Participant: 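I am attaching a structure below and will ask some questions about it afterwards.
Scope of the values below: all heavy atoms of this structure, side chains included, with no hydrogens, waters or symmetry mates. Keep in mind the model is a prediction, meaning the values are calculated, not measured.
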Amino acid sequence: MKKIIVFFVFAICISGGGLFLKAQNTVDAPEDNPIDFLGGTHTKDRKPVILPRVREADKVWTKLIWRRIDLTQKFNQFFYYPLGAEGQEEQNGLESLISIIWKGIKDGTIRAYTNDQFTKEWTPEELIGRFEKSRVDTTWIMDEDLGYEVPKPISIQEKLELSDVKKIELKEVWYIDKQYAKQYVRILGFAFTRDVYTVDRETGERMYDGPEDLFWVRYDDDLAVRQLLVTKEVYNSNNDADRRTFDDIFLQRYFESYIIKESNVQNRGVATYLTGDDALWESERIKNELMNKEIDMWEY
């Protein structure tokens, strides 16, 4: 009996000593690397995942798709915010996508293209001039001698703010790989788009002319772009500890969008032949065809 009592006393001393040492280690822990609850840094050293190359012979079916992300939608607002003044775009370690890409273009680390074929590049100077340009417009003034209005050209200085960019256009390729008997999608590139308006001379009404692509950026095979995006965190409204990056967002397709064009013989978008609800239904039709293609391809 005495041996049992001695054993339990010894066990308690050992466990108590362990807890004491653990407490000592906790109290005396060095603060060389304190936990940062306001902004993580573990994404700063991340590298983009290299996407596997696919042989052309393994692609038994491909389809080019263009889709648009509306940044005013609640689900997509992490692309657009935070909005800061020039030089103060970054807030709490977060930055809008257009601000990140625009800085990369100006410092020469990212290449910008004039079209979705990625055949011609913009120089940083050309793009800066396009963002801060002047245009010649026409106003009408009353000529007292003639008794009626006459046109007069005026120069209007336009400065495009980053906050004016409220849409992103994606170009992607859908394909079926016969080696895996599975359908995949790759984002080839994206463009930043602003809405263009004109003012009617007689009524003064502001009329919508349509979207304008400012510049295109490669994504799929440009590691400079992905290396930048993989280090830029995105706000998660559900969990601040979930540190997604813009590269994660694109790879995981964590966004809402709608299709505006599919590859076709006339190279025309949906908006050129349908409007309103009909255009939305056409977008849904194309999406459903994409979703069903993999099943239909292997149906016996």
Participant: May I ask whether L188 and I286 are part of the same hydrophobic cluster, defined by side-chain heavy atoms of I, L, V, M, F, W, Y residues being less than 4.5 angstrom apart, directly or through others?
Facilitator: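 No, no single cluster joins them.
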Participant: So if you build clusters from Ile, Leu, Val, Met, Phe, Trp, Tyr with side-chain heavy-atom gaps below 4.5 Å, do L97 and L251 land together?
Facilitator: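 Linked, L97 and L251 end up in one cluster.
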Participant: Strictly distance-based, threshold 3.5 Å: is any side-chain N or O of Y80 a donor or acceptor partner for the main-chain N or O of S96?
Facilitator: no
Participant: Output all residues satisfying ring-ring contact (aromatic ring centres under 6.0 Å, His included) with F75, sequence neighbours left out; order by chain, then residue number.
Facilitator: Y254
Participant: With side chains defined as the heavy atoms from C-beta onward, is the minimum distance between N267 and K261 less than 4.5 Å?
Facilitator: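 Of all side-chain heavy-atom pairs linking K261 with N267, at least one is under 4.5 Å.
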Participant: With a 4.0 Å cut-off, would you call K103 and E90 a salt bridge?
Facilitator: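 Salt bridge: no.
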Participant: How many angstroms lie between CZ in R285 and CG in D278, if you round to the nearest 0.5 Å?
Facilitator: 12.5 Å
Participant: Go through the structure and list residues passing ring-ring contact (aromatic ring centres under 6.0 Å, His included) with F255, not counting sequence neighbours.
Facilitator: none
Participant: Quick one: does D277's side chain have a donor or acceptor within less than 3.5 Å of a partner on W281's backbone?
Facilitator: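 Checking the backbone N and O of W281 against the side chain of D277, no donor-acceptor pair under 3.5 Å is found.
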Participant: Look at K167 together with D195 and state whether they make a salt bridge at an N to O cut-off of under 4.0 Å.
Facilitator: yes
Participant: Would you mind listing the cluster partners of L223? Hydrophobic ones only (ILVMFWY), side-chain contacts under 4.5 Å, chaining allowed.
Facilitator: I50
Participant: Between D247 and R226 (side chain of the first, backbone of the second, donor and acceptor by atom type, cut-off under 3.5 Å), is there such a pair?
Facilitator: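 No, the answer is negative, given that no donor and acceptor are paired below the 3.5 Å cut-off.
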Participant: Can you pull out every side chain to side chain donor-acceptor pair (under 3.5 Å) where at least one residue sits in residues 55-64? Sequence neighbours excluded, please.
Facilitator: R55-D58, E56-K59, D58-Q179
Participant: When rounded to the nearest 0.5 angstrom, what is the spacing between CZ in R68 and CG in L170?
Facilitator: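 Reported to 0.5 Å precision, the distance equals 10.5 Å.
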Participant: How far apart are the closest heavy atoms of N236 and D240, and which atoms are they?
Facilitator: O-OD1, 3.7 Å
Participant: Check the hydrophobic clustering (I, L, V, M, F, W, Y; side-chain heavy atoms under 4.5 Å; chains of links allowed) and say if V173 and I69 are grouped together.
Facilitator: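 Looking at the clustering, I69 is in a separate group from V173.
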Participant: Would you say D296's side chain and K293's backbone share a donor-acceptor pair under 3.5 angstrom?
Facilitator: no
Participant: With rounding to the nearest 0.5 Å, note down the distance linking OG1 in T245 to CD in E233.
Facilitator: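 It is 8.5 Å, given to the nearest 0.5 Å.
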Participant: Which value, rounded to the nearest 0.5 Å, describes the distance between I187 atom CD1 and K171 atom NZ?
Facilitator: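 The CD1 atom of I187 sits 13.0 Å away from the NZ atom of K171.
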Participant: Identify the heavy atoms of L214 and W122 that sit nearest to each other, and give their distance.
Facilitator: O-NE1, 3.8 Å
Participant: Applying ring-ring contact (aromatic ring centres under 6.0 Å, His included), can you list everything that pairs with Y175, at least two apart in sequence or on another chain?
Facilitator: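 Y175: ring-ring contact (aromatic ring centres under 6.0 Å, His included) contacts with Y184.
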Participant: About how many Å separate CG of N115 and CD of E121, when rounded to the nearest 0.5 Å?
Facilitator: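 Answer for the CD-CG pair, E121 versus N115, is 11.0 Å.
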Participant: Going hydrophobic residue to hydrophobic residue with side-chain gaps under 4.5 angstrom, can you get from Y113 over to I101?
Facilitator: no
Participant: Of the non-hydrogen atoms in D221 and R53, which two are nearest, and what is the gap between them?
Facilitator: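 In terms of heavy atoms, the two residues are closest at CB-NH2, 4.1 Å.
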Participant: What closest approach, in Å, do I249 and F79 show between heavy atoms, and which atom pair accounts for it?
Facilitator: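 Heavy-atom minimum between the residues: CG2-CZ, 3.7 Å.
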Participant: Between E294 and A181, which heavy-atom pair has the shortest distance, and what is it?
Facilitator: OE2-O, 3.8 Å
Participant: Kindly say whether L83 contributes a backbone atom to a donor-acceptor pair with the side chain of E95 at under 3.5 angstrom?
Facilitator: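 Flag not set: sc E95 to bb L83 has no pair under 3.5 Å.
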Participant: Should the pair W216 and F118 be assigned to parallel (<30°), tilted (30 to 60°) or perpendicular (>60°) ring geometry?
Facilitator: perpendicular
Participant: Do V217 and I260 land in one hydrophobic cluster if side-chain heavy atoms of ILVMFWY residues count as linked below 4.5 Å?
Facilitator: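 As far as the 4.5 Å side-chain criterion goes, I260 and V217 are not connected within one cluster.
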Participant: Which residues, ordered by chain and number, are linked to L94 in its hydrophobic cluster, where ILVMFWY side chains connect at heavy-atom gaps below 4.5 Å, directly or through other members?
Facilitator: Y235
Participant: Please report the interatomic distance CG(L290) to CD1(I65), rounded to the nearest 0.5 Å.
Facilitator: 4.5 Å
Participant: Is any side-chain heavy atom of Q266 closer than 4.5 Å to one of T272?
Facilitator: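 No; the side chains remain at least 4.5 Å from each other.
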Participant: What's the shortest heavy-atom distance between A112 and I105, and which atoms?
Facilitator: CB-CD1, 3.7 Å
